[in-house]
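Take a look at the following structure, please.
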2 protein chains.
Amino acid sequence: MTTQAAEGLRDRKKRQTRAALSHAAVRLVAEHGLDHVTVEDISAAADVSPRTFFNYFATKEDAVLGPDPDTGPRVRARVLAQPAELSAAAAVREALSAEVAAVVAEDRELWLRRMCVVQQHPVLLAKVFSGGEAVERELVAGIAERVGLPADDTYPLLLGAAAGAAFRVAVVRWSSVRWSSTAASLQDLLAEAVDMLAGGLADPPSAQSQSQSRATSPQS
Amino acid sequence: MTTQAAEGLRDRKKRQTRAALSHAAVRLVAEHGLDHVTVEDISAAADVSPRTFFNYFATKEDAVLGPDPDTGPRVRARVLAQPAELSAAAAVREALSAEVAAVVAEDRELWLRRMCVVQQHPVLLAKVFSGGEAVERELVAGIAERVGLPADDTYPLLLGAAAGAAFRVAVVRWSSVRWSSTAASLQDLLAEAVDMLAGGLADPPSAQSQSQSRATSPQS
DNA sequence: CACAATTGTGCAGTCCCTGCAAAGTTGCAG
DNA sequence: CTGCAACTTTGCAGGGACTGCACAATTGTG
């Protein structure tokens, strides 16, 4: 499904090179830290010239966290493929959940290491879901198409951005909690976040001194 | 209010230098495009050495879109200062609305130009609300404190991230619509987005062909 | 095998960004 | 006002990201 049968030698090699660079980047950065790894190191580990590196990735960060090029279209297709009875928000939830499941199943080690890297370099968080970039645009396009609104309308834009936010939060919590006793799956955390969004961010789900008593407790 | 009386010559000069660099950066980039302006150009326009530039901003982009250092704490304080009867989501809405009003009133021209820049370089969108950076962290901390939850709990993280997403969407729509006939204010767009979030992203607010086919089917 | 198309590579060069140490400024106490 | 301490600015040297360009290598095709 991910690899077409009718694929020439050329495209296969491209995939391999790209994967080699990505894997090398993730491994080295997880091992030595982002700024202790140069593009030269990565290309050397992947057996290509440094110049070739930039034929595949625009920046060093992209090699570590950049999604492969067909992630966007795939997510978009997933959103449209959800049963028509689902609300748009539910469709997005299911689509993302399916995507996470597929991606983690396919390359578990890679993603575990990626999460280590993210934990050490929160700056890269924006790129995990490619904040505002290609994937989110495709997602927005899919939502827009599904609900029959223009892609620059508030609703698709907001649902797409909110989904990205939920995804980011899920990743953060997952990578910060996985060292503790409770090991929640990324999908569960994602579902939790999306459900909370769908619930309108109603006050707190489980605070101690909350709904009424907040009025009694002076804050500032 | 913004400038304390008890402020030495030193701090005043620092403020001035920072503002000069920021203004020069925004002006030049709006005029010539992001990659046709070098740090050297900016520092020259601000009458400081290139080296000094990096004493104030870590990156070129920060000089264009980076919020001044006390934005984070200010937003946090705003969240905590909202009346206790408000829900957390409502408090965030009011806080952001107030922040936008204050900031736009104080330096309108600067912000208009900033929006031009953002429109030309969507890559910078993440930095408008400093996606995942200082301001969002402070916002999350404020929310957490307000509702009495730890700052690494899902709820504060998600509300903060969602607010950032709403802000981004509002800015996008504002800067893409302001050339058309309908000129909505940034605050209105922000309120619209936050309300949509608070409504749980209920299906489409105004879809044409969907309303019936979806209305018959309940969401999960 | 010849030919076109695509991909890999080396090279030169620009620019971003940093550490360090030497100036120049400002604040302050004597 | 004078000397000292704290801080800021600046120049310099340098590493590393990234790009354009020309050329070599490889693959697809007739």
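These figures come from a predicted structure and were not determined experimentally. Only heavy atoms go into these numbers, but all of them, side chains included; no hydrogens, no water, no symmetry mates. Throughout, protein chains are lettered first and strands after them, A, B, ... in sequence-line order, and every chain is numbered starting at 1.
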Answer yes or no: is there an ion pair linking B/Glu136 with A/Arg168, defined by an N-O contact shorter than 4.0 Å?
yes
If you check every side-chain atom of B/Asn55, which of C/dC17, D/dC18, D/dT9 has the closest atom?
D/dT9
Can you tell whether the side chains of A/Arg15 and A/Asp68 come within less than 4.0 Å, N to carboxylate O?
no
Do A/Glu192 and A/Asp188 come within less than 4.5 Å of each other through their side chains, counting heavy atoms only?
no
Between A/Glu145 and A/Arg76, does any NZ, NE, NH1 or NH2 come within less than 4.0 Å of an OD or OE carboxylate oxygen?
yes
Hey, are the side chains of A/Leu34 and A/Lys60 touching, using non-hydrogen atoms and a 4.5 Å cut-off?
yes
Under 3.5 Å, is there a donor on one side chain and an acceptor on the other for A/Thr52 and A/Asn55?
no
For a 4.5 angstrom cut-off between non-hydrogen side-chain atoms, does A/Glu138 reach A/Val75?
no
Sorted by number, residues from residues 39-52 of chain B placing a heavy atom under 4.0 Å from DNA chain D are B/Val48, B/Ser49, B/Arg51, B/Thr52
Identify whether any heavy atom of A/Phe53 sits under 4.0 Å from a base atom; if not, whether one sits that close to sugar-phosphate; answer base, sugar-phosphate or nothing.
nothing
Measure across B/Val169 and A/Ala161 and return the closest heavy-atom pair with its distance rounded to 0.1 Å.
CG2-CB, 3.9 Å
Between the protein and nucleotides 26-30 of chain C, list every N/O to N/O distance that falls short of 3.5 Å.
from	atom 1	to	atom 2	distance (Å)
C/dT26	OP1	B/Lys13	NZ	3.0
C/dT26	O2	B/Arg10	NH2	3.1
C/dG27	OP1	B/Leu9	N	3.0
C/dG27	OP1	B/Arg10	N	3.3

Which of D/dT10, C/dC17, C/dG8 is nearest the side chain of B/Thr59? It is C/dC17
